[in-house]
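For reference, the structure is listed below as structure tokens.
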Amino acid sequence: MSKQEMKTQLLGMTPEELSAYMKELGQPAFRAKQVFSWLHQGVPFAEMSNLPKALRETLSQTCADNPVSVLETIESKLDGTVKLLYCLWDGHVIEGVLMRYKYGNTLCLSTQVGCRMGCAFCASTLDGCARNLTPGELLGQIVCANGVLVAQGNGQKVGNIVLMGSGEPLDNYDNVVKFLRILRMEGGLCIGMRSVSLSTCGLVEQMRRFAHEDLPVTLSLSLHAPNDEVRRTLMPVARRYPMDEVLDACRYYIEKTGRRVIFEYALVHGVNASPAQAEELAGKLRGMQCHVNLIPLNSVPERGLMGVSEREVDAFKKALEQKNISVTRRREMGDDIEGACGQLRRRYMSDNAQTSV
């Protein structure tokens with residue numbers, strides 16, 4: 001896998017930006033609408049049949065139709081979940097997860113190459129953050145996944161997006177916001193904001209700013225603890241933002257958007273999974289328009305963290321329900337294909353490092 005010269009990423013452009021670009025090439029404005037539609041369908045420049053041949057050749061030489069390509073796919077024999085390893089133009093690799101539900105296909109996107117948040121339970125952050133992903137690279141992951149579905153003979157495209165892969169979306173704020181605005185545009189992928197979930201570890205200023213973007217996605221907060229003391233052992237960001245400030249930002253988002261907040265809670269044996277801690281958590285969330293999503297931890301050997309038993313999950317869930325907190329246990333998918341965030345990318349990087357020695 002060699003690095004390539006960076007080409008202009010047309011996929012991350014708005015129709016207005018594409019129109020200006022076409023004008024620079026001496027093309028009429030209507031070409032922008034044509035190119036925008038082709039790009040979001042995953043069609044390479046050479047096959048954009050309603051463009052002049054000379055324009056197709058120029059675009060092929062100077063631009064990238066998709067700055068993302070699929071390097072590897074692994075399909076679960078348990079539930080059909082597909083783990084995608086993507087290659088970026090500069091040689092970096094990222095990953096995503098394509099999940100099939102009765103209501104349609106959901107794609108988990110990465111927003112950064114790695115992550116700098118340092119959460120103890122996440123493999124994505126072990127090597128830090130190399131860089132942010134561009135709007136074109138965010139959209140490109142979806143275009144690639146749609147291509148995989150077509151190749152498999154699946155009639156449905158990706159209909160739901162979760163920004164829960166590698167990276168902290170609100171740490172890549174401007175690119176993510178632009179991506180979301182393009183995502184819902186007619187003539188493109190046309191995925192509405194109510195079909196999008198965005199997960200954050202709790203960057204308070206960005207959460208409050210995001211509430212005013214008119215992008216009413218479902219906000220998911222990685223909470224993972226009933227109090228600051230426990231949260232600081234799992235999430236370095238908690239040293240900067242106390243839980244009360246984070247929960248106030250969640251209430252602000254609910255007030256401004258009318259959308260409930262989802263609290264992600266990874267259960268870690270001996271750390272945050274006792275019924276007493278569930279009761280403490282319920283006290284913090286009482287009266288809030290929210291839902292708790294319990295996630296039995298995928299053990300992270302590098303961090304010495306262990307998952308929980310089914311008995312522990314059930315006891316924690318029951319304790320929340322008794323306090324009238326809406327709660328579900330996340331359905332585990334892709335357990336046989338390194339489904340947890342960052343695992344496949346890390347294995348690939350390790351294998352390639354050993355090969356190059």
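The model shown is predicted, which means the values in this text are computed figures rather than measured ones.
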Are [X] and [Y] in one and the same hydrophobic cluster, where Ile, Leu, Val, Met, Phe, Trp and Tyr link if side-chain heavy atoms are under 4.5 Å apart?
X: Leu138; Y: Leu18; result: yes
X: Ile262; Y: Val292; result: no
X: Val150; Y: Val82; result: no
X: Met207; Y: Met243; result: yes
X: Tyr241; Y: Met235; result: yes

Got a donor-acceptor contact below 3.5 angstrom from the [X] side chain to the [Y] backbone?
X: His269; Y: Val308; answer: no
X: Asn105; Y: Asn160; answer: no
X: Arg259; Y: Pro216; answer: yes
X: Thr328; Y: Arg330; answer: no
X: Gln277; Y: Ser274; answer: yes

Pair [X] + [Y], salt bridge at N-O below 4.0 Å:
X: Lys178; Y: Glu17; value: yes
X: Glu245; Y: Arg208; value: no
X: Asp228; Y: Arg239; value: no

Which of these passes salt bridge (Lys or Arg N to Asp or Glu O under 4.0 Å) with Lys83: Glu95, Glu75, Glu72?
Glu95
Between [X] and [Y], a side-chain donor and acceptor under 3.5 Å:
X: Asp65; Y: Trp38; result: no
X: Glu57; Y: Ser60; result: no
X: Glu264; Y: Ser222; result: no
X: Gln289; Y: Tyr253; result: no
X: Ser37; Y: Gln41; result: yes

Taking all heavy atoms of [X] and all of [Y], pick out the closest pair and write down the distance.
X: Val176; Y: Pro169; result: CG2-O, 3.4 Å
X: Met99; Y: Cys108; result: CE-CB, 4.1 Å
X: Arg260; Y: Ser326; result: NH1-OG, 4.2 Å
X: Arg56; Y: Ala46; result: NH1-O, 3.3 Å

Just wondering, do [Y] and [X] contact through their side chains at under 4.5 Å, heavy atoms?
X: Val246; Y: Leu221; value: yes
X: Thr257; Y: Ile254; value: no
X: Leu183; Y: Ile142; value: yes
X: Phe36; Y: Glu186; value: no
X: Leu267; Y: Glu312; value: no
X: Cys115; Y: Ser166; value: no
X: Leu98; Y: Thr81; value: no
X: Leu71; Y: Val93; value: yes

Say you draw a straight line from [atom1] of [X] to [atom2] of [Y]; how long is it, rounded to the nearest 0.5 Å?
X: Ile325; Y: Met288; atom1: CD1; atom2: CE; result: 9.0 Å
X: His92; Y: Leu133; atom1: NE2; atom2: CG; result: 9.5 Å
X: Leu51; Y: Gln27; atom1: CG; atom2: CD; result: 8.0 Å
X: Ser19; Y: Met22; atom1: OG; atom2: CE; result: 9.0 Å
X: His40; Y: Asn66; atom1: NE2; atom2: CG; result: 10.0 Å
X: Asn132; Y: Asp174; atom1: CG; atom2: CG; result: 9.5 Å

Show, in sequence, the C-alpha distance, side-chain angles and deciding distance for Thr8 and Tyr21, and conclude whether the side chain to side chain contact (heavy atoms under 4.5 Å, CB included) test is met.
CA-CA 10 Å; Thr8 301; Tyr21 191 79; 4.0 Å; yes
Begin with the C-alpha distance, continue with both residues' side-chain angles, and end with the deciding distance and a verdict on side-chain hydrogen bond (donor to acceptor under 3.5 Å, both in side chains) for Gln112 and Asn172.
CA-CA 7 Å; Gln112 296 176 309; Asn172 185 16; 5.9 Å; no
Using the rule given for salt bridge (charged side-chain N to carboxylate O under 4.0 Å, His left out), can you reason through Arg251 versus Glu255, listing the C-alpha separation, both sets of side-chain angles and the distance that settles it, and then say yes or no?
CA-CA 6 Å; Arg251 293 185 182 94; Glu255 175 189 346; over 6 Å; no
Are Glu205 and Tyr173 close enough, and set up right, to give a side-chain hydrogen bond (donor to acceptor under 3.5 Å, both in side chains), and what steps lead you there?
CA-CA 11 Å; Glu205 292 89 355; Tyr173 190 93; over 6 Å; no
Around atom NE2 of His291, are there more than 12 heavy atoms of other residues, nucleotides or ligands at under 6.0 Å?
yes
Step through the shown structure and confirm whether more than 12 heavy atoms of other residues, nucleotides or ligands are within 6.0 Å of CZ on Arg116.
no
Taking the six-membered ring for Trp, is the centroid-to-centroid distance between Tyr265 and Phe263 below 6.0 Å?
no
State yes or no: are the ring centers of Tyr252 and His212 separated by less than 6.0 Å?
yes
From CA spacing to verdict: salt bridge (charged side-chain N to carboxylate O under 4.0 Å, His left out), Asp314, Arg311
CA-CA 5 Å; Asp314 292 341; Arg311 180 178 296 179; over 6 Å; no
Check the pair Arg209 / Gln206 against side-chain hydrogen bond (donor to acceptor under 3.5 Å, both in side chains), numbers first and verdict last.
CA-CA 5 Å; Arg209 179 184 172 192; Gln206 289 92 325; over 6 Å; no
Without placing hydrogens or testing angles, list every side-chain donor-acceptor pair under 3.5 Å for residues 278-287, not counting sequence neighbours.
{"unit_1": "Glu280", "atom_1": "OE1", "unit_2": "Asn227", "atom_2": "ND2", "d": "3.2"}
{"unit_1": "Glu280", "atom_1": "OE2", "unit_2": "Asn227", "atom_2": "ND2", "d": "3.1"}
{"unit_1": "Lys284", "atom_1": "NZ", "unit_2": "Pro226", "atom_2": "O", "d": "3.0"}

Run the numbers on Arg231 and Leu223 for side chain to side chain contact (heavy atoms under 4.5 Å, CB included), then give the verdict.
CA-CA 8 Å; Arg231 197 164 192 258; Leu223 189 58; 3.9 Å; yes
Could you list the donor-acceptor pairs under 3.5 angstrom formed by side chains in residues 189-203, with sequence neighbours left out?
{"unit_1": "Thr200", "atom_1": "OG1", "unit_2": "Glu168", "atom_2": "OE1", "d": "3.4"}
{"unit_1": "Thr200", "atom_1": "OG1", "unit_2": "Glu168", "atom_2": "OE2", "d": "3.0"}
{"unit_1": "Thr200", "atom_1": "OG1", "unit_2": "Gly202", "atom_2": "N", "d": "3.1"}

